[in-house]
Amino acid sequence: MEVSFSKEVQALRLGAGQTFHGEGILAITKGLLQAGVAYVGGYQGAPVSHLLDVMVQGRDYMQELGVHVEACSNEASAAAMLGASIHYPLRGAVTWKSIVGTNVAADALSNLSSPGVTGGVLIVVGEDYGEGASVIQERTHAYALKSSLCLLDPRPHLPTMVRMVEEGFNLSEASSMPCMMELRIRACHVRGSFDCKDNRAPAVSTRSLMEEPARFDYERLAHPPVTFGHEKRKSAERIPAAQRYIAEHGLNELMAGRREDLGIVVQGGLYNALIRALQQHGLADAFGQSDIPILVLNVTYPLVPDQIVQFAAGKRALLVVEEGQPEYIEQDIATLLRRRDLQTPLHGKDLLQMAGEYTTEVLTRGLAAFAARYLPEGAGQAGNDWLAANDARRRAVAELLGQPLPGRPPGFCIGCPERPVFSALKLAQQEVGKVHIAADIGCHAFGTFEPFSGGHSILGYGMSLASRAGVSPMMQRRAMMQRRVLSIMGDGGFWHNGLLTGVQSALFNGDDAVLLIFKNGYTSATGTQDIISTPDEDTKARAEDKQQSLAHKNHTIEDTLRGLGVKWMRTVHTYEVATMRATLTEAFTTSFEGLKVIIAEGECQLERQRRIKPWLAQLLKKGERVVRVKYGVDEDVCNGDHACIRLSGCPTLTLKDNPDPLKVDPVATVIDGCVGCGLCGANAHAATLCPSFYRAEVVQNPRWHERLLHGLQSALVRALRPA
Ligand code: SF4
Ligand code: SF4
């Protein structure tokens, strides 16, 4: 991995008497070491990738402490790793992106929760929910309920988050329940500080090994008949033990307020947004002191019935602030109040929106409805004015634009090696007709946006080939098999799941399928982490031409596919648009009926730039010759039909006013930022576009003969210019 976390790794070494400054997710990482974690694993994904990235780069320090770090192949393998804590007094932590990662891990989580744990277990999940999320919108809470896992949702405040890490392990050990900690995007990136403690080297560790395996204990297996007893123990022993621990150690926080006749129960992670919304209404001061008492649930499952009832008793109304659907906490509280025959009116989803992120604006709207019902007239007017001003601003923008502010979908990086393949796919479909495209998770999912708009379904990470199994036998074929379904997968998805769920199944069933694998060398969409097919550091250092893509330096994917029995396989460099188009067409039309795999090889441009930029800077510093390629459009030749833009979608290929006063159509232009990937030229050639593109070489520190040649050329041009 090329991104360096050396500063963050240093921060992990801080001890008592020192102060940590930084992001929430790094504070959590430090908290794990302070809590004496013995092993850490996980699968990368926003917004928790940094936890594992920092641990992996800090391997030397982890070895000093005796902490084992494992970059797992997917979330299921990370969850299964937690099996170490079933028998042994080992504190274990894993991390992944939820809800998708939790879905992948679900089997192991059930089998872990059933026997319960001896050593504390903490699963740090990135709750990728709301604005900026990149996955389906569901709640991790459902898993806590179904598998009896404690669910922590700490207030986004670094000292609280770090405390909850340690308490999470304690809670897990006190109840035998594995704990999950959900961190929203904003909590991961909230900045702050906390007073450090010394890191605790675990008692049993890679430096202090166990002498014997645990004794055989059938009770610890997730297997009948003991699973029946496990189920009973969850409700009879473990959940009550967890509730006792939560109450006795003050894991949930009660924030007093002068309007004691009202109360708000909030998920810890939403506390900051709630305070901001209360401030808009003038119901909290600048220091966050709320007028309305707040019960902050740093643990959202299980709830502590006595705590809820005590908070609700005697109040005129209770508002539950709970993001997402269904409203598990509100339903839980409603049941609790009813069982205790407490008549406090309960509000939540009746005043706040059911789905979507609870931003400050959303909460301000919900609080306005609550204030209108329970506060004296005029209270909260400031919030209503603020909301009205926001609406007025949006209307003004829409009037100026003639439409609401357009959305800005994400797209491929400039020079991304995956973009040319979608250009080739567009061209191939012009020949064979439209095909059904089973898309997947990864950077290539940007191919579902304009100008490519390709993809009929996304069923999960590495699932594209499996997801076409029901479609391809039903698709009508013409004479030349043109209607074959195309599955697209990245190398990250291939190793995560695709090899087994897709390739193995297609081969076993003898399916007639086309699989396109992007081999860019990393799991790019999650932050360019290394995978088994990443070229190693030695290879990168020894590369004769560092500017080249290095994806071809590792053949693990090809060897694996060959070993499994794939007979039809082609490897094509992604920037060779014409060859890629021909290969796709061949795959759609060949008489070969088994699995056809196209490996689209081209190193992730983001990672390539990270690799070559310092190298180029070094060359320049030494005064050595450096050549950079740029593409451009000759504005006199551009005919203004913009076919190149519709075929490329590169953000640096854009429009500018036509310099010819007799023409009205804007011309294409390449702006600063072009990395010279070559797609412009390849597209112009493959699609026989107008000949307006030119390729230029920018030479820094040129040799003497290049300077001389340049001088002569310039003089000639000057001489030919009309006087
Ligand atoms: S991160 Fe890499 S693979 Fe992903 S869009 Fe950017 S260049 Fe392409
Ligand atoms: S060559 Fe074309 S596609 Fe490649 S970075 Fe430059 S403008 Fe973008």
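In this text the structure is predicted, and so the values were computed from the model without any measurement.
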From [atom1] ([X]) to [atom2] ([Y]), nearest 0.5 Å:
| X | Y | atom1 | atom2 | answer |
| --- | --- | --- | --- | --- |
| Leu109 | Ser114 | CG | OG | 12.5 Å |
| Thr102 | Glu182 | OG1 | CD | 9.5 Å |
| Tyr43 | Thr526 | OH | OG1 | 5.5 Å |
| Met161 | Asp153 | CE | CG | 10.0 Å |
| Leu122 | Glu167 | CG | CD | 11.5 Å |
| Gln44 | Thr528 | CD | OG1 | 9.5 Å |

Neighbour count above 12 (heavy atom, 6.0 Å) for Ile532 CD1: no
Other residues, nucleotides, ligands: >12 heavy atoms within 6.0 Å of Phe508 CZ: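 Not more than 12 within 6.0 Å, no.
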Residues in side chain to side chain contact (heavy atoms under 4.5 Å, CB included) contact with Thr448, at least two apart in sequence or another chain: Ala439
By side chain to side chain donor-acceptor pair (under 3.5 Å) - contacts of Asn111 (at least two apart): Asp107
Pair listing, salt bridge (charged side-chain N to carboxylate O under 4.0 Å, His left out) test, anchored in residues 224-239, at least two apart: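 Those involving residues 224-239 are Glu219-Arg233.
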Residue pairs passing the salt bridge (charged side-chain N to carboxylate O under 4.0 Å, His left out) test where at least one lies in residues 111-128, sequence neighbours excluded: Lys97-Asp128
Is [X] reaching over with its side chain to a backbone N or O of [Y], donor-acceptor style, under 3.5 angstrom?
| X | Y | value |
| --- | --- | --- |
| Asn509 | Ser505 | yes |
| Arg155 | Val296 | no |
| Gln137 | Tyr129 | no |
| Thr360 | Ala277 | no |
| Thr140 | Ile99 | no |
| Glu131 | Glu357 | no |
| Gln353 | Ala355 | yes |
| Asp440 | Gly462 | yes |

Leu318/Phe311 under side-chain contact (heavy atoms from CB on, under 4.5 Å): CA gap, chis, key distance, verdict: CA-CA 9 Å; Leu318 201 63; Phe311 184 66; 3.6 Å; yes
Arg91 vs Asn170, side-chain contact (heavy atoms from CB on, under 4.5 Å): CA-CA, chis, key distance, verdict: CA-CA 10 Å; Arg91 287 191 162 184; Asn170 295 342; 2.7 Å; yes
May I ask you to check whether [X] and [Y] show a side-chain donor-acceptor distance below 3.5 Å?
| X | Y | value |
| --- | --- | --- |
| Gln529 | Asp53 | yes |
| Ser73 | Trp495 | no |
| Asn74 | Tyr461 | no |
| His189 | Glu23 | yes |
| Glu75 | His496 | yes |

side-chain contact (heavy atoms from CB on, under 4.5 Å) between Met180 and Leu152, intermediate numbers included: CA-CA 6 Å; Met180 292 182 114; Leu152 285 81; over 6 Å; no
With sequence neighbours excluded, residues passing ring-ring contact (aromatic ring centres under 6.0 Å, His included) with Tyr88: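 Tyr88 satisfies ring-ring contact (aromatic ring centres under 6.0 Å, His included) with no residue once adjacent residues are dropped.
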Set of ring-ring contact (aromatic ring centres under 6.0 Å, His included) partners for His230, sequence neighbours left out: none
Ring geometry between Phe518 and His444 (parallel below 30°, tilted from 30 to 60°, perpendicular above 60°):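 Answer is parallel, since the angle falls under 30°.
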Parallel, tilted or perpendicular: ring planes of His436 versus His456, cut at 30 and 60 degrees: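 Plane angle under 30°, so parallel.
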Ring-ring centroid check Tyr271 His157, cutoff 6.0 Å: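 When the ring centroids of Tyr271 and His157 are compared, they turn out to be at least 6.0 Å apart.
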Ala174 to Ala241 - nearest heavy-atom pair and separation: O-CB, 3.7 Å
side-chain contact (heavy atoms from CB on, under 4.5 Å) between Arg186 and Thr359, intermediate numbers included: CA-CA 11 Å; Arg186 293 176 205 272; Thr359 58; 4.2 Å; yes
Check ion pair Glu322-Arg139 (N to O, under 4.0 angstrom):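 Salt bridge: yes.
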